[in-house]
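Okay, so here's the structure we're looking at.
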Amino acid sequence: MSAWTLLNPSYSREAVNLGCRHQEVSGKKKLIIKATGGGAYKYADLFKEKFGVTFDKEDEMNSLVSGANFLLKAVPCEAFTYMEGRKDFVQINSSDLFPYLLVNIGSGISMIKVVGDGKFERVSGTSLGGGTLLGLGMLLTKCQSFDDLLEMSHKGDNRNIDMLVSDIYGSDYSKIGLSARTIASSFGKVIFDNKELKDYKKEDIARSLLRMISNNLAQIAYLIAMWHGKLKRIIFGGSFTRSHEYIMETISDGVEYWSKGETKAMFLRHEGFLGALGAFKSYEKHGLGSLMGHHLSEQSPVASPRPQLEQKSNGPLLVESTDAESVGCCILGSDTMKRT
């Protein structure tokens with residue numbers, strides 16, 4: 001008997017598991033679950049003690065790349081760009097998929113150059129990731145979760161905290177291509193405000209934090225892509241963006257700005273399931289290919305216009321957010337079917 005379930009990804013969870021099978025051990029069934037990521041090791045004893053579940057661990061980087069390659073090849077229009085409030089789906093020919101830079105955003109960030117199936121190298125990374133955003137957010141806004149912080153950011157205005165070019169020069173700095181609204185210093189206005197933390201709106205703080213991390217991520221990813229073969233395709237995965245328009249727009253504007261329009265940031269519709277899918281696909285290498293499903297059923301993606309955004313400038317912009325689209329996907333296993 002076999003069954004598997006794609007679990008709803010949560011940023012606060014370290015373990016991603018999927019796939020389960022039963023083995024007969026001394027007349028008793030032993031439940032084994034595929035698992036990857038740090039939590040597969042950290043919580044292995046707890047799951048075995050409390051639930052009688054054994055983790056069959058898979059390498060995290062292998063799983064991430066395998067999951068990404070599977071989605072990009074098997075799911076129509078899995079990748080999309082997000083610019084000026086519009087989501088545009090991109091159909092990538094599998095023969096032209098490689099190479100690309102996979103930027104997996106978790107607590108920290110791993111940047112992986114993928115050159116083929118099973119062929120990849122973690123070329124860089126940064127400690128300024130989702131964990132940084134949530135950690136600072138919890139300290140400064142008293143938010144209780146990543147979702148709380150994102151919700152706060154919807155209502156905030158980072159211009160009340162960030163120092164803009166106009167705050168320094170009174171206008172733009174056209175000689176070097178900086179608009180008046182370009183951020184010169186994240187949290188820079190705090191220096192001159194003579195205020196205490198309680199005097200600032202937590203929504204503005206959340207917005208500024210989100211802006212700071214996303215901008216830096218976009219710049220670092222672009223520089224790494226250029227350093228390792230001038231890669232034109234940068235794909236962002238992990239549970240960080242959560243289809244959050246402001247995050248995607250900030251990352252996209254950053255990549256667009258630093259590449260002078262030559263490179264586009266791409267996102268994945270099933271971004272939070274890369275490791276889980278890759279772990280499940282590992283059944284193939286163990287000779288258990290019969291567990292793998294061969295039918296994908298999904299809602300057809302439709303590029304839909306978003307409300308008008310604030311005026312375009314030469315630097316990364318301030319962007320308003322709207323509710324994200326939901327995408328359903330189900331994969332048929334040998335005995336049961338679960339829908340995400």
Side-chain angles (χ1 to χ4, degrees), residues 11-12 103 105-109 125-173 176-224 236 238 240-242 244-258 265 309-321:
Y11 188 78
S12 61
V103 182
I105 314 171
S107 298
I109 297 171
T126 173
S127 61
L128 296 176
T132 310
L133 176 62
L134 181 57
L136 288 173
M138 294 177 76
L139 285 173
L140 297 175
T141 72
K142 306 302 180 183
C143 68
Q144 297 300 308
S145 69
F146 193 68
D147 289 326
D148 286 345
L149 188 64
L150 293 184
E151 184 62 30
M152 286 182 193
S153 72
H154 276 286
K155 306 168 186 176
D157 186 346
N158 64 292
R159 290 172 294 186
N160 295 324
I161 291 179
D162 294 339
M163 182 184 295
L164 309 183
V165 168
S166 61
D167 295 319
I168 300 174
Y169 294 98
S171 61
D172 60 16
Y173 192 169
I176 59 174
L178 296 178
S179 76
R181 297 173 60 249
T182 300
I183 296 175
S185 177
S186 295
F187 285 81
K189 279 186 180 175
V190 175
I191 301 172
F192 305 101
D193 282 347
N194 195 28
K195 296 179 181 178
E196 297 182 5
L197 180 59
K198 62 181 177 61
D199 298 322
Y200 292 96
K201 294 175 63 176
K202 60 184 181 181
E203 292 83 2
D204 294 345
I205 294 174
R207 191 82 160 186
S208 182
L209 283 173
L210 205 62
R211 183 76 167 154
M212 179 178 69
I213 298 298
S214 299
N215 269 336
N216 277 275
L217 168 59
Q219 183 178 14
I220 294 171
Y222 168 71
L223 292 175
I224 294 301
F236 294 85
F240 177 74
T241 61
R242 303 258 184 115
H244 190 285
E245 284 88 345
Y246 182 68
I247 295 178
M248 293 190 295
E249 185 84 23
T250 302
I251 291 175
S252 296
D253 278 342
V255 172
E256 174 89 359
Y257 174 72
W258 293 109
L309 303 178
E310 294 186 25
Q311 187 177 357
K312 195 78 173 169
S313 73
N314 292 330
L317 304 179
L318 299 161
V319 180
E320 296 306 320
S321 303

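Values below: all heavy atoms of this structure, side chains included; hydrogens, waters and symmetry mates excluded. This structure is a prediction, so every number in the text was calculated from the model and none was measured.
- T141 places no side-chain N or O within donor-acceptor distance of the main-chain N or O of E203, the cut-off being under 3.5 Å.
- Looking only at side-chain heavy atoms (C-beta outward), L164 and R159 come within less than 4.5 Å of each other.
- T241 places no side-chain N or O within donor-acceptor distance of the main-chain N or O of H244, the cut-off being under 3.5 Å.
- Scanning all heavy atoms of the two residues, the minimum distance from S171 to V165 falls at O-CG1, 3.6 Å.
- Shown here for I213 and G129, the closest heavy-atom pair between the two residues is CG2-O, 4.0 Å.
- Judged purely by atom type and a 3.5 angstrom limit, Q144 uses its side chain to pair as donor or acceptor with the backbone of K142.
- The pair D167-K189 meets the salt-bridge criterion, since a charged nitrogen lies less than 4.0 angstrom from a carboxylate oxygen.
- Not a single donor-acceptor pair under 3.5 Å links the side chain of N215 to the backbone N or O of M212.
- A 4.5 Å side-chain heavy-atom check between I161 and I205 finds at least one atom pair inside the cut-off.
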- Verify side-chain contact (heavy atoms from CB on, under 4.5 Å) between D253 and I251, making sure each step is shown before the conclusion. CA-CA 6 Å; D253 278 342; I251 291 175; over 6 Å; no
- Message: Go through it in stages, so that I can follow the logic: the residues are Y200 and D193, the test is side-chain contact (heavy atoms from CB on, under 4.5 Å), and I'd like the CA-CA distance, side-chain angles, deciding distance and then a yes or no.
- Response: CA-CA 10 Å; Y200 292 96; D193 282 347; 3.0 Å; yes
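- Without hydrogens or angle criteria, R207 side chain to D157 main chain gives no donor-acceptor distance under 3.5 Å.
- Proximity of F240 to F146: side-chain heavy atoms (C-beta onward) are separated by under 4.5 Å at one or more points.
- Counting only heavy atoms from C-beta outward, the side chains of I168 and Y173 never approach each other to under 4.5 Å.
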- Query: Which is it for D162 and S208 under the side chain to side chain donor-acceptor pair (under 3.5 Å) test, yes or no, and what are the steps along the way?
  - Reply: CA-CA 7 Å; D162 294 339; S208 182; 2.5 Å; yes
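- What you find for G137 and L149 is that their closest heavy atoms are CA-CD1, 4.0 Å.
- No side-chain donor-acceptor contact under 3.5 Å links S214 to the backbone of R211.
- With hydrogens and angles disregarded, no donor-acceptor distance shorter than 3.5 Å links the side chain of T182 to the backbone of L178.
- Between I183 and M163 there is no side-chain heavy-atom pair separated by less than 4.5 Å.
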- Go through the steps to decide whether Y246 and L150 satisfy the test side-chain contact (heavy atoms from CB on, under 4.5 Å), and finish with yes or no. CA-CA 9 Å; Y246 182 68; L150 293 184; over 6 Å; no
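- At most 12 non-hydrogen atoms from other residues, nucleotides or ligands lie less than 6.0 angstrom from CG of N194.
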- Query: Does the side-chain contact (heavy atoms from CB on, under 4.5 Å) test come out yes or no for M248 and F236, once each step is laid out?
  - Reply: CA-CA 9 Å; M248 293 190 295; F236 294 85; over 6 Å; no
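- Taking each heavy atom of I109 and I105 in turn, the nearest pair found is CG1-CG2, 3.9 Å.
- Minimum heavy-atom separation, S153 to L210: OG-CD2, 3.6 Å.
- Here the OG-CG distance, from S107 to L133, works out to 11.0 Å after rounding to the nearest 0.5 Å.
- Side-chain contact between L136 and T132: present, with at least one pair of heavy atoms (C-beta onward) separated by less than 4.5 Å.
- Of all heavy-atom pairs between M152 and A206, the closest is CB-CB, 3.8 Å.
- Side-chain contact between N158 and D204 is absent, with no heavy atoms from C-beta onward closer than 4.5 Å.
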